[in-house]
There are 2 protein chains.
Amino acid sequence: MRKGAETRERILEIAEASVLAKGFGATSIEEVIAEAGITKSGFFYHFKDKNELARALMLRYIEENDRIFDDVFHRGRQLSDDPLQSFLITLKLLAELMGDLPNGHPGCLIATFTYQERLFDRTVRDIAASAVRSWNGRFRDALNEIASVYPARKGMDLDDVAIMFSCVIDGGIIMSRGLGDPRVLERQILAFRSFVKMLFAPAASDIMLPPAHTAVAAE
Amino acid sequence: MRKGAETRERILEIAEASVLAKGFGATSIEEVIAEAGITKSGFFYHFKDKNELARALMLRYIEENDRIFDDVFHRGRQLSDDPLQSFLITLKLLAELMGDLPNGHPGCLIATFTYQERLFDRTVRDIAASAVRSWNGRFRDALNEIASVYPARKGMDLDDVAIMFSCVIDGGIIMSRGLGDPRVLERQILAFRSFVKMLFAPAASDIMLPPAHTAVAAE
DNA sequence: AAATTTACTGTACCGGCGGTATGGTTTTCA
DNA sequence: TGAAAACCATACCGCCGGTACAGTAAATTT
């Protein structure tokens with residue numbers, strides 16, 4: 001009962017690391033059980049097939065990520081009453097979190113799964129999609145709250161800005177790994193943070209006529 | 001000679017689609033040769049092993065992508081002498097290109113490879129890294145050129161902004177796939193475009209003292 | 001036209017892996 | 001103490017990556 005959950009957790013941990021390093025298709029059950037120190041029968045006692053392992057990995061990853069976001073948004077709100085300030089704090093905390101990982105971010109399971117979609121059934125894909133939507137919703141809510149206090153610059157859809165943050169994180173992870181530099185992700189989150197600051201700062205053109213050279217840059 | 005290149009190309013095309021849908025590890029040679037209508041011996045005549053297939057896929061993808069960037073940057077420069085304008089045009093063209101794909105962007109091979117790095121030898125990973133660096137360099141050069149005419153807003157490193165574009169593309173592809181909405185990628189590129197416009201437009205704080213509520217948002 | 005190279009096909013084989021089946025054993029908890 | 005939980009052991013199937021080697025039709029060169 002108790003020990004079963006432990007073994008299950010160990011399997012998931014080992015499998016996740018393997019999936020993020022080699023992909024789901026190349027992750028062999030034999031390898032996982034060898035590292036976990038159990039037999040094949042033991043594995044199939046916990047997961048009836050590889051697809052159920054995938055689903056469990058997915059759910060575990062989403063839960064963990066939700067916890068992190070809960071925490072970091074909560075702390076942001078604690079440290080300031082101003083919605084813009086607290087979101088900026090949240091972003092800063094996230095950047096620190098990502099930068100402090102010893103060997104860089106281990107990778108986003110959602111990203112690996114969307115790039116191996118044909119390996120999973122519809123339920124797994126739907127779980128992933130709804131998780132992504134929920135995270136995007138979080139960011140969008142934070143932005144909307146800010147926009148109710150600070151009018152945003154024109155020409156930017158806040159829904160797109162919210163999604164862009166997810167893009168920057170997933171893209172940042174890929175860039176960090178691809179370039180072999182774990183700090184890229186942290187810098188990207190901070191760059192997005194600067195973008196948010198910029199987005200809610202009034203433009204010169206909102207107040208006075210632009211100088212000649214900015215007329216070219218405008219719409 | 002001629003026919004060999006054709007077959008090779010057909011193999012690469014089929015393999016690429018499979019890799020983007022299932023991952024490299026889950027792409028079976030048997031499946032590829034079945035679809036290509038050749039035998040296993042035929043396959044190993046062209047590629048001595050799976051790793052060589054990976055390398056060929058990589059090089060082909062980079063070449064194709066370089067061609068696209070060459071074209072779209074060239075057309076941007078043709079349509080305006082102003083570096084900011086021509087980059088904005090380039091981004092618009094790219095967004096259109098990505099939006100016009102019938103079933104959405106097929107996926108970024110670099111992204112799949114970085115998420116399956118343990119499957120490839122160092123040469124393949126180095127090729128990918130240098131390609132990414134080269135693309136980031138293109139964006140950074142374009143931004144630097146703009147910055148020499150239009151002073152950029154403070155607090156943003158242009159290197160980071162350049163990398164952010166790569167992040168937005170790769171992240172946008174993941175979001176498009178994960179959410180099942182091909183238009184997300186196009187919208188993300190356009191959102192980044194708005195960001196660039198904002199970046200080179202003067203802020204109110206550069207000209208006059210900010211109103212009370214923006215003082216909170218500042219550094 | 002002959003010789004050579006290119007671009008394959010056919011067959012046979014190996015070991016590893018995902019997955020199933022089945023029966024047994026220890027551990028844990030009520 | 002007894003049942004349920006959490007495994008272990010063994011055997012087996014079919015697919016796949018990869019190797020080896022022998023043969024051949026077509027294109028290209030000489």
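Letters go in sequence order (proteins before strands), and every chain restarts at 1. Note that the structure is a prediction, hence the values are computed from the model and not measured.
- A salt bridge links B:Arg75 to B:Asp71: at least one charged side-chain nitrogen sits closer than 4.0 Å to a carboxylate oxygen.
- Residue B:Thr7 has a polar side-chain atom (N or O) positioned under 4.0 Å from OP1 or OP2 of C:dC8.
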What is the per-nucleotide protein-contact pattern of nucleotides 10-21 of chain C, from the 5' end, where B denotes a base atom under 4.0 Å from a protein heavy atom, S denotes such proximity for sugar-phosphate atoms only, and - denotes neither? BB-----SBBB-
Please step through ring-ring contact (aromatic ring centres under 6.0 Å, His included) for the pair A:Phe69 and A:Phe139, ending with a clear verdict. CA-CA 10 Å; A:Phe69 281 133; A:Phe139 309 142; 5.5 Å; yes
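- Aromatic ring centres of B:Phe120 and B:Phe113: separated by under 6.0 Å.
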Let me see the working for B:Leu12 and B:Leu57 under side chain to side chain contact (heavy atoms under 4.5 Å, CB included), right down to the final yes or no. CA-CA 6 Å; B:Leu12 288 173; B:Leu57 283 172; 3.8 Å; yes
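- Over its full length, the helix from C:dA1-D:dT30 to C:dA30-D:dT1 turns its helical axis through 30°, comparing axes from the five pairs at each end and rounding to 10°.
- Atom pair A:Phe47:CZ and D:dC7:P shows a separation of 11 Å (rounding to whole Å applied).
- Ring orientation note: the planes of A:Phe195 and A:Phe192 are nearly perpendicular, at an angle over 60° on the 30°/60° scale.
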Checking B:Ser80 against B:Asp82 for the side-chain hydrogen bond (donor to acceptor under 3.5 Å, both in side chains) test, could you report, in this order, the C-alpha distance in whole Å, the side-chain angles of both residues, the deciding distance, and whether it holds? CA-CA 5 Å; B:Ser80 176; B:Asp82 181 84; 5.2 Å; no
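- Just one residue in the list A:His46, A:Glu35, A:Glu16 forms a side chain to side chain contact (heavy atoms under 4.5 Å, CB included) with A:Ile11, and that residue is A:His46.
- OP1 or OP2 of C:dA7 has not a single side-chain nitrogen or oxygen of B:His46 nearer than 4.0 Å.
- Residue A:Tyr45 places none of its side-chain N or O atoms closer than 4.0 Å to OP1 or OP2 of D:dC7.
- Here the closest non-hydrogen pair linking B:Gly25 and B:Leu119 is N-CD1, 3.8 Å.
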